[in-house]
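Working notes, beginning with the structure itself.
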Amino acid sequence: MSVDKETLVKVARLACLRLAAEKLEPLTDELNNILEWIETLNEVDTEAVAPMTSVVETDLRWRRDEVTDGDYAADVLANAPDVQYGFYAVPKVIE
Amino acid sequence: MSDPRTSGLIEGASGDWEIVIGLEIHAQVISQAKLFSGAATRFGAEPNSQVSLVDAAMPGMLPVINRECIRQAVRTGLALGAQINKYSVFDRKNYFYADLPQGYQISQYKQPIVGPGFVTIDLEDGTSKDIGIERLHLEQDAGKSMHDQHPDLTFVDLNRSGIALMEIVSKPDLSSPAEAGAYLKKIRTIVRYIGSCDGNMEQGSMRADVNVSVRRPGEGLGTRCEIKNVNSVRFVMQAIVYEASRQVDVLEAGGTIALETRLFDPQQGETRPMRSKEEAHDYRYFPDPDLLPLEFDDEFIAAARASLPELPDLKKARFEADFGLSPYNAEVLTAERQSADFYEELLEELAKLSGKPAKEVATRAANWVIGDLFGHLNKAAVAIADSPVSAARGAELLQLVDDGTLSGRMAKDVFEEMFASGRSASEIVAEKGLRQVSDSGELETIIDRVLADNPTQLEQYRAGKDKVLGFFVGQVMKATAGKANPKVVNELLAKKLKG
């Protein structure tokens, strides 16, 4: 598997990254190097092996249905660029 | 011309088109805390007061799943007769929006917690139809954006961010707006019965994405459009009619349907394309590395199953079989669990008071609950749980009619007063001295006087004007202040007038 410049531009746009035109060529090469390296992993036959979900043998932790958190709007909003009446205020986004 | 709302057929210029509909219903899970955090879920709190650092996506915060949300998803799956997956996986669905601080929604993609199932819907023509459910999965809700509070700013409240949703995806088995409406109502009834979602569409705890396509009868599926976030049964049906007609117009003009997301505008009654880039659909799902697979055992499922109440379909069948109710009455009484409970309590009480088997008084009780009680509750906008007339008091009123104390007319007046004051029928009857006069001796005296006082009408009657009988009945009722037993009055009058 390899990527072309077009795919790179699309992926960058999906990730909201702006790439300078002169960066496209070298980045495509870099990404392809990584993908090529992954190709070598594909040489191992994993047909009968279940995908590994964690490096530690453990189960998903569950929590009880209790309210144990929240009620600190000021902390939550502390890093917001703008706050109005207790809301995050952002440049208008409308569909 | 057939009505597309029930027929599912659109008559185009070049012949008929069929509508094919699939629904994705988002149902908010009833829980104290959110799906992956300990923040509260209560509706209507101060903005951003029910937000944990997990919900605000602060760096380093990790999600921990809420047991109750898992249990409710399993209970809902069981109520939908669906396959429960003991192993499921949470994935990240990636997109950027101001009310989604993580930049992705934690959802389930390839391995959902609940697999295929079905529900049966009842249609207006008396038939029923099974609608396939493809899956049910758990996911996080996003925050709430308000675009109309400021000329150039959008206000964001993250209280809803991270609340657990069940997304219930139907197969494209729905073939008319009426079927889609019946399906949505049925899912709402089921989740409300089992208490996994409150079904409140006004507050947004239940909403639907509607997939609509059209095709020539017998042909394969056409390209669909998805109408996002429709929040009432009526709007779902309106949106489908509009969207299907629009697609037929495009196709008949030689155009093609683009796979796209649209919004329904209830004011204009039309759907419009959303101005989002086509790449927005490229969600790049991948397993969330912060969460291990979700696993539980048969015991967990068995406990969830044991906690389910009698489901609406079974209850309806039992009401028809055990009480001899009509399908319509059974349907109306079982649409809400509270109504069914109220009815059964009233019926039990009435059977006890009257000494008759339940089946004998069941239809009368059903007609009273559906007609008189529901009528008054609807008019006063009061839920049955808050009814000022309890089931036991309703039974007492019905028994007073059965034993002849009250006429049907008097019972209606007494009920009005019970509903307004919350007092019992016997109290009102005793206080007002309401007692139907059925004693023939007493009534005969009154009738004799009425006949003597109205010689002109008596002559008219004897000359063949039968209609005057009604006049005499009215006079007797007036003389007894409405307390005379109308049946006895009619019988006695007929006898006297003949003589």
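Below, read A as the first sequence line, B as the second, and so on, with proteins coming before strands; counting in each chain starts at 1.
- Of the listed residues I70(B), N159(B), I65(B), the one with more heavy-atom pairs under 4.5 angstrom with chain A than any other is I65(B).
- Residues of residues 21-35 of chain A never come closer than 4.5 Å to chain B when only heavy atoms are counted.
- Listed by chain and number, the residues in a ring-ring contact (aromatic ring centres under 6.0 Å, His included) with Y88(A) amount to none (sequence neighbours excluded).
- Ranked by heavy-atom pairs under 4.5 Å with chain B, the first of A89(A), A74(A), A80(A) is A89(A).
- Heavy-atom minimum distance, C16(A) versus F96(B): SG-CD1, 3.3 Å.
- For residues 58-73 of chain A, heavy-atom neighbours of chain B at less than 4.5 Å comprise T58(A), D59(A), L60(A), R61(A), W62(A), R63(A), R64(A), D65(A), E66(A), V67(A), T68(A), D69(A), G70(A), D71(A), Y72(A), A73(A), sorted by residue number.
- Surrounding OH of Y109(B) are at most 12 heavy atoms belonging to other residues, nucleotides or ligands under 6.0 Å away.
- Comparing E68(B), Q32(B), M58(B) by heavy-atom pairs within less than 4.5 Å of chain A, the highest count is held by Q32(B).
- Here D82(A) contributes atom CG and F155(B) contributes atom CZ; the two are 8.0 Å apart, rounded to the nearest 0.5 Å.
- Counting heavy-atom pairs closer than 4.5 Å to chain A, the top-ranked of the candidates A98(B), S145(B), A40(B) is A40(B).
- Across P47(B) and G86(A), no two heavy atoms sit closer than the pair CB-O, 3.7 Å.
- Ranked by non-hydrogen atom pairs under 4.5 Å with chain A, the options D55(B), V54(B), V64(B) are led by V64(B).
- No donor-acceptor pair closer than 3.5 Å links the side chain of H147(B) to the backbone N or O of K92(A).
- Counting all heavy atoms, side chain and backbone alike, V156(B) lies closest to V90(A) at CG2-CG2, 4.2 Å.
- If you take CG on L14(A) and OH on Y95(B), they are separated by 14.5 Å, rounding to the nearest 0.5 Å.
- Within residues 287-297 of chain B, the residues that have a heavy atom under 4.5 Å from a heavy atom of chain A are L291(B), L292(B), P293(B), L294(B), E295(B), F296(B), listed by number.
- When side chains are defined from C-beta on, D157(B) counts as touching F87(A), because their heavy atoms get closer than 4.5 Å.
- Remark: R246(B) CZ is packed, more than 12 non-hydrogen atoms of other residues, nucleotides or ligands lying under 6.0 Å away.
- Of all the listed residues (A45(B), G103(B), S31(B)), the one sharing the greatest number of non-hydrogen pairs under 4.5 Å with chain A is S31(B).
- Remark: K144(B) NZ is loosely packed, at most 12 non-hydrogen atoms of other residues, nucleotides or ligands lying under 6.0 Å away.
- Of the atoms belonging to N66(B), heavy atoms from both backbone and side chain fall under 4.5 Å from chain A.
- Around the CD atom of E39(A), the shell of radius 6.0 Å holds more than 12 heavy atoms that belong to other residues, nucleotides or ligands.
- Annotation for Y85(A): atom OH does not count as buried by contact number, only 12 or fewer foreign heavy atoms lying within 6.0 Å.
- When each of A56(B), P151(B), C69(B) is scored by its heavy-atom pairs under 4.5 Å with chain A, the top score falls to P151(B).
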_Quick one, L77(A) with N48(B), criterion side-chain contact (heavy atoms from CB on, under 4.5 Å). Give me CA distance, side-chain angles, the key distance, then yes/no._
CA-CA 8 Å; L77(A) 294 164; N48(B) 294 305; 3.8 Å; yes
